[in-house]
Chemist: 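First the structure, then my questions, so here it is.
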Amino acid sequence: MPLRLYNTLTRQLEEFKPLGGNTVRMYGCGPTVYDYAHIGNYRTFLFQDVLRRYLKYSGYELRHVVNVTDVDDNTIRNSQAAGIALRNYTDKYIDAFQVDRELLSLEQPEFLVRATDHIPEMVKLIQTLVDRGYAYASEGSVYYKVAAFPPYGQLSHTDFSGALAGARVDSDKYDKENARDFVLWKAAKDGEPFWEAPFGRGRPGWHIECSAMSMKYLGETFDIHSGGSDLIFPHHENEIAQSEAATGKLFVKVWMHSEHLIVNGEKMSKSLGNFYTLRDLIHKGFKPSAIRYLLTSVPHRKPLNFTFDGLHQAQQSIDRLRNFKFRLMKEKFPEGETPALQNIAREAAQKFAEALDDNLNTAGALGAIFDMVRDGNTAMDHGDFHAGDGAMFLDTLQRFDRIFAVLGDDDHAKLVKHGFIKQQESGADANAAAGSDAGRSLSDQEIEKLIAERAAARRAGNYARSDEIRANLLKAGVILEDTKAGVRWKRK
RNA sequence: GGCGCGGUAGCCAAGUGGAAAGGCAUCUGCCUGCAAAGCAGACAACCUCGGUUCGAUUCCGAGCCGCGCCUCCA
């Protein structure tokens, strides 16, 4: 089955085929770096990540651009409030964005670009629009003349032929010919950062950034452009107007948008106290992989209601998958193979891909994998699973993880690496430390040592001692399981 | 007002014109030194009203409810 994607522009599910050869050229709207990105932002970025991973899975090469908006009213306001140069201020949040991306296992796009590195391209594009009669200067700023571009409204499917189309626009604020016109270049205000341009000192408007940068790296027409649903209008509508007016060519073939994340049924907002960044959740003790799972498990065209209960459920689900992988790799099975079983694993991989082919139906894809996990576990428990069957199951599991990326069990290592967790100093009495609730985490070696000690106690029939060690480890956030394949431990 | 998205068991959620995936939670049993994990089983759902149809949760119409965008916003 071919990959089919829902295109906001045509409002249809369309079979996907790259415009040029085997390489998919795609652009994703990234964050404005005036603060830490919130989990709603990451819902969109994770959707884009699933998209890029599945395109690769499907055999395509990628040329993927993600932008960072590092100049706008918010970044300027906050940097000035902090008394820090704009560039230095945004650097901090770009670094944080990169850390978050690593925590959430977001793949690096081929190009991560920032707006202020592309001012000349934007100026040139604005000049082209002025030259072609699509833009006009006014009071040192430059505006896009929406009336000059009749297809305006095609993406948001809105008819703007009527006067103001119900928009509440403060038309006194700007010297615009029409309230719908939007700014391409903002005249510099006192004390604000500015760049030189033929139309005067100033800075680019938000929309022109994405047109200039996407076309620079991907060409005048490219395959996929994506972002959150709130960007459909006006941001993406304006990008189309700018780009197509400047080139006379189709700008983007497929537009994809993810629905918003809401929290406990309400819009996430600071005033409601339900506004979460990734680090807020990590500080509450949730694992990045659980957050990734929860945010990717709901197909992107459906609103996602974020709850802590949902995060807990996500964690449990991941554990089920990891447990199965553990059995697969560690348990000893009788020699031989069972073709019927291997077919189950093979068909699961097929169903997995078929679900994702259907506009990235992640929930359906998960169902296929869990079906296989149950069948595999059942066979193992009944003694029907043979040594020769493992590879096929592992292969399907790995296919799954190329998209979902949650089986790695590297949350702890990542959190230590980025300073969210302090590692227990080595050399300390691990058991005492484990029982002391010191707020530090034990190293893998210390945990292994205690497990060995417990194993010895169990062999000696000293269950009081072995249970004490298990309880201490639990207190330190380590869960032990005695399986047929040996002791398995995991961090809570 | 305009334009969208959604309403499936306690929670998350797939899917379908003809016996309604999957995950989490709960209960029982097996397994385990005890747990955990796993297995077996149990419990439990298609917002309402019309229409089309032999048959609708699925298609059409109306309505109700939730969320979003239309102004910076993933």
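Per chain, numbering begins at 1; letters A, B, ... match sequence-line order. Computation of the quantities below employed the complete heavy-atom set of this structure, encompassing side-chain atoms and omitting hydrogens, waters and symmetry-equivalent molecules.
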Chemist: State which of rG38(B), rG33(B), rA14(B) makes the closest approach to the side chain of Arg458(A).
Modeler: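 Closest nucleotide to the Arg458(A) side chain: rG33(B).
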
Chemist: Using whole Å, what does the distance between atom P of nucleotide rG1(B) and atom CG of Asp159(A) come to?
Modeler: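 The distance from CG of Asp159(A) to P of rG1(B) comes to 18 Å, rounded to the nearest Å.
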
Chemist: Nearest whole Å is fine: how far is rG4(B) P from Asp230(A) CG?
Modeler: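 After rounding, the gap between these two atoms is 17 Å.
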
Chemist: State, yes or no, whether a side-chain contact exists between Arg491(A) and Asp411(A) at a heavy-atom distance under 4.5 Å.
Modeler: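 Answer no - side chains too far apart.
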
Chemist: Going by purine N1 to pyrimidine N3 plus the second Watson-Crick contact, or the G-U wobble pair, all under 3.5 Å, which nucleotide sits opposite rU48(B)?
Modeler: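 When the pairing criteria are applied, rA62(B) turns out to be the nucleotide that pairs with rU48(B).
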
Chemist: Would you kindly give the CG-to-P distance between Asn264(A) and rC11(B), to the nearest whole Å?
Modeler: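 Rounded to the whole Å, the gap is 13 Å.
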
Chemist: Scan every strand shown for a Watson-Crick or G-U wobble partner of rU32(B), both distances under 3.5 Å, and answer none if you come up empty.
Modeler: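 Check on rU32(B): unpaired, no WC or wobble geometry under 3.5 Å.
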
Chemist: Just name whichever nucleotide pairs with rG17(B), Watson-Crick or G-U, keeping both distances under 3.5 Å, else none.
Modeler: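 Here rG17(B) is not engaged in any pair, so there is no nucleotide opposite it.
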
Chemist: Rounded to whole Å, please give me the gap between NE2 in His236(A) and P in rA74(B).
Modeler: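 From His236(A) NE2 to rA74(B) P: 10 Å.
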
Chemist: Would you classify Asp319(A) as touching base, sugar-phosphate or nothing, given that sugar-phosphate means primed atoms plus P, OP1 and OP2, and contacts are heavy atoms under 4.0 Å?
Modeler: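 Asp319(A): no heavy atom of the nucleic acid under 4.0 Å.
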
Chemist: Is any side-chain nitrogen or oxygen of Arg374(A) closer than 4.0 Å to OP1 or OP2 of rG22(B)?
Modeler: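 Answer yes for this pair, as a side-chain N or O of Arg374(A) is under 4.0 Å from OP1 or OP2.
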
Chemist: Please figure out whether Asp371(A) or Thr378(A) has its closest RNA chain B nucleotide nearer the 5' end.
Modeler: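 This one resolves to Asp371(A).
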
Chemist: Between rC70(B) and rC60(B), how far apart are the P atoms? Round to whole Å, please.
Modeler: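 Each nucleotide's P atom is 29 Å from the other's.
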
Chemist: Considering only heavy atoms, which members of residues 347-359 of chain A lie under 4.0 Å from some atom of RNA chain B?
Modeler: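 By residue number: Asp358(A).
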
Chemist: Classify Tyr463(A) by what it touches in the nucleic acid, base, sugar-phosphate, or nothing, heavy-atom distance under 4.0 Å.
Modeler: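 Result for Tyr463(A) = base.
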
Chemist: What nucleic acid atoms does Ile369(A) come within less than 4.0 Å of, heavy atoms only: base, sugar-phosphate, or nothing?
Modeler: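 Here Ile369(A) touches no strand at all.
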
Chemist: Under 6.0 Å between ring centres, would you say that holds for Phe97(A) and Phe45(A)?
Modeler: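 Under 6.0 Å, so yes.
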
Chemist: If only side-chain N and O atoms of Arg43(A) are considered, is one of them under 4.0 Å from the OP1 or OP2 phosphate oxygen of rA74(B)?
Modeler: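 Answer no for this pair, as no side-chain N or O of Arg43(A) is under 4.0 Å from OP1 or OP2.
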
Chemist: What about the rings of Tyr36(A) and Tyr93(A), do their centers lie closer together than 6.0 Å?
Modeler: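 Yes - the distance between ring centres of Tyr36(A) and Tyr93(A) falls below the 6.0 Å cut-off.
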
Chemist: Using the C1' atom on both, measure rG10(B) against rC43(B) and round to a whole Å.
Modeler: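 Each nucleotide's C1' atom is 11 Å from the other's.
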
Chemist: Toward the 5' end of RNA chain B, which comes first, Gly310(A) or Glu266(A), by nearest nucleotide?
Modeler: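 The residue whose closest nucleotide sits nearer the 5' end is Gly310(A).
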
Chemist: Pick base, sugar-phosphate or nothing for Gly367(A), based on heavy-atom distances below 4.0 Å to the nucleic acid.
Modeler: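 The answer is base, as Gly367(A) lies within the cut-off (heavy atoms under 4.0 Å) of a base atom.
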
Chemist: Under 3.5 Å, is there an N or O donor on one side and an acceptor on the other linking the side chain of Arg470(A) and the base of rC34(B)?
Modeler: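 When only heavy-atom distances are counted, Arg470(A) does reach the base of rC34(B) through a donor-acceptor pair under 3.5 Å.
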
Chemist: Return the value, rounded to whole Å, for the distance between atom CG of Asp381(A) and atom P of rG29(B).
Modeler: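 Distance check: Asp381(A) CG to rG29(B) P gives 18 Å.
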
Chemist: Tell me if the aromatic rings of Tyr217(A) and Phe222(A) count as close, with their centers under 6.0 Å from one another.
Modeler: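 No; Phe222(A) has its ring centre 6.0 Å or more from that of Tyr217(A).
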
Chemist: Given rA25(B), is OP1 or OP2 found less than 4.0 Å from the side-chain N or O atoms of Gln316(A)?
Modeler: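 Answer is yes, contact under 4.0 Å.
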
Chemist: Would you please indicate if the ring centroids of Tyr34(A) and Tyr89(A) are separated by under 6.0 Å?
Modeler: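 No, ring centres 6.0 Å or more apart.
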
Chemist: Taking the C1' atom in each of rC11(B) and rC3(B), what is the distance between them to the nearest angstrom?
Modeler: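 My reading of the C1' atoms in rC11(B) and rC3(B) gives 31 Å.
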
Chemist: Using atom C1' in both nucleotides, what's the gap between rG18(B) and rG55(B) to the nearest angstrom?
Modeler: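 Pairwise C1' distance, rG18(B) against rG55(B), rounds to 7 Å.
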
Chemist: Does Arg320(A) put a side-chain nitrogen or oxygen below 4.0 Å from OP1 or OP2 of rC39(B)?
Modeler: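 Answer is yes, contact under 4.0 Å.
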
Chemist: From the list rG15(B), rU71(B), rG33(B), which nucleotide is the closest neighbour of the side chain of Arg180(A)?
Modeler: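 Looking only at side-chain atoms, Arg180(A) lies closest to rU71(B).
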
Chemist: State whether Phe352(A) and Arg399(A) meet the cation-pi test: NZ (Lys) or CZ (Arg) under 6.0 Å from the six-membered ring centroid, and within 45° of the perpendicular axis.
Modeler: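 No, Arg399(A) does not lie over the aromatic ring of Phe352(A).
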
Chemist: Just checking, is any N or O donor in the side chain of His38(A) or Asn41(A) under 3.5 Å from an acceptor N or O on the other one?
Modeler: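 There is such a pair (donor and acceptor under 3.5 Å, judged by atom type) between the side chains of His38(A) and Asn41(A).
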
Chemist: Considering every strand and a 4.0 Å limit on heavy-atom distances, what is the contact class for Pro299(A): base, sugar-phosphate, or nothing?
Modeler: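 Touches sugar-phosphate only.
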
Chemist: Check Glu110(A) with Arg52(A), please: is the shortest side-chain N to carboxylate O separation under 4.0 Å?
Modeler: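 The answer is yes: the pair qualifies as a salt bridge.
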
Chemist: Between the base of rG33(B) and the side chain of Asp467(A), is there a donor and acceptor pair under 3.5 angstrom?
Modeler: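 Indeed there is one.
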
Chemist: Answer with yes or no after comparing the ring centroid distance for Phe333(A) and His386(A) against a 6.0 Å cut-off, counting only values under it.
Modeler: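 Between Phe333(A) and His386(A), the centre distance exceeds or equals 6.0 Å.
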
Chemist: Got a salt bridge between Arg279(A) and Asp100(A), using NZ or NE/NH1/NH2 to carboxylate O under 4.0 Å?
Modeler: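 Yes, charged N to carboxylate O under 4.0 Å.
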
Chemist: Test for a donor-acceptor pair under 3.5 Å between the base of rC34(B) and the side chain of Asp482(A), counting only N and O atoms.
Modeler: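 In this structure, the two groups form a donor-acceptor pair.
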
Chemist: Let's test this: given Watson-Crick or G-U wobble pairing with both distances under 3.5 Å, identify the partner of rC69(B).
Modeler: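 Check on rC69(B): paired to rG2(B), both distances under 3.5 Å.
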
Chemist: Considering only atom C1', compute the distance from rA21(B) to rU57(B) and round it to an integer number of Å.
Modeler: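 These two C1' atoms come out 15 Å apart once rounded.
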
Chemist: Contact class for Thr32(A) vs. all strands (heavy atom < 4.0 Å): base, sugar-phosphate, or nothing?
Modeler: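 Sugar-phosphate: the residue Thr32(A), judged by heavy atoms under 4.0 Å, touches backbone atoms but no base.
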
Chemist: To the nearest Å, how far apart are Glu468(A) CD and rG33(B) P?
Modeler: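 In whole Å, rG33(B) P lies 21 Å from Glu468(A) CD.
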
Chemist: Would you say the ring centers of Phe308(A) and Tyr276(A) fall short of 6.0 Å from each other?
Modeler: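 Yes, they do, as the ring centres are separated by less than 6.0 Å.
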
Chemist: Below 4.0 angstrom, N of the basic side chain to O of the carboxylate: do Arg43(A) and Glu259(A) qualify?
Modeler: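 Salt bridge: no.
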
Chemist: Contact class for Arg301(A) vs. all strands (heavy atom < 4.0 Å): base, sugar-phosphate, or nothing?
Modeler: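 Since only primed, P, OP1 and OP2 atoms lie under 4.0 Å of Arg301(A), the category is sugar-phosphate.
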
Chemist: Base, sugar-phosphate, or nothing for His382(A), non-hydrogen atoms under 4.0 angstrom?
Modeler: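 Sugar-phosphate contact only.
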
Chemist: Given atom CD of Glu239(A) and atom P of rA74(B), what is their separation to the nearest angstrom?
Modeler: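 Atom CD in Glu239(A) sits about 13 Å away from atom P in rA74(B).
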
Chemist: Below 3.5 Å, does any donor atom in the side chain of Gln313(A) face an acceptor in the base of rC12(B), or the other way round?
Modeler: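 Between rC12(B) and Gln313(A), which were checked side chain against base, a qualifying N/O pair under 3.5 Å is absent.
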
Chemist: Using the C1' atom as the reference point in each nucleotide, state the distance between rA74(B) and rC5(B) in Å, no decimals.
Modeler: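 About 15 Å, rounded to a whole number of Å.
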
Chemist: Please find out if less than 6.0 Å separates the ring center of His207(A) from that of His236(A).
Modeler: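 No: the rings miss the under 6.0 Å criterion.
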
Chemist: Is there a residue in residues 254-263 of chain A whose heavy atoms reach under 4.0 Å of RNA chain B, and which residues are they?
Modeler: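 By residue number: Glu259(A), His260(A), Leu261(A), Ile262(A).
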
Chemist: Across the strands shown, which category fits Arg322(A) at heavy-atom distances under 4.0 angstrom: base, sugar-phosphate, nothing?
Modeler: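 Arg322(A): no heavy atom of the nucleic acid under 4.0 Å.
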
Chemist: With respect to the side chain of Ser317(A), which nucleotide from rA74(B), rC24(B), rG7(B) is positioned closest?
Modeler: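 Ranking rA74(B), rC24(B), rG7(B) by closest atom to the Ser317(A) side chain puts rC24(B) first.
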
Chemist: Between Lys302(A) and rA14(B), is there a side-chain N or O to OP1/OP2 distance below 4.0 Å?
Modeler: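 Yes.
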
Chemist: Work out how far the C1' atom of rG38(B) is from that of rU32(B), and round it to whole angstrom.
Modeler: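 Roughly 11 Å separates the two C1' atoms.
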
Chemist: By nearest atom, which of the nucleotides rC3(B), rC34(B), rC39(B) is closest to the Asn377(A) side chain?
Modeler: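 Selected nucleotide: rC39(B).
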
Chemist: Would you kindly give the CG-to-P distance between Leu366(A) and rA13(B), to the nearest whole Å?
Modeler: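 Atom-to-atom, Leu366(A) to rA13(B), this comes out as 12 Å.
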
Chemist: For the residue pair Glu331(A) and Thr483(A), confirm or rule out a side-chain donor-acceptor distance under 3.5 Å.
Modeler: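 Looking only at side-chain atoms, Thr483(A) and Glu331(A) do not form any donor-acceptor pair under 3.5 Å.
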
Chemist: If pairing requires Watson-Crick or G-U wobble contacts with both distances under 3.5 Å, which nucleotide is the partner of rG10(B)?
Modeler: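 Pairing partner, where one exists within any strand: rC24(B).
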
Chemist: What interatomic distance, in whole Å, is found between P of rG15(B) and the corresponding atom of rG6(B)?
Modeler: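 Result for the P pair: 11 Å, nearest Å.
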
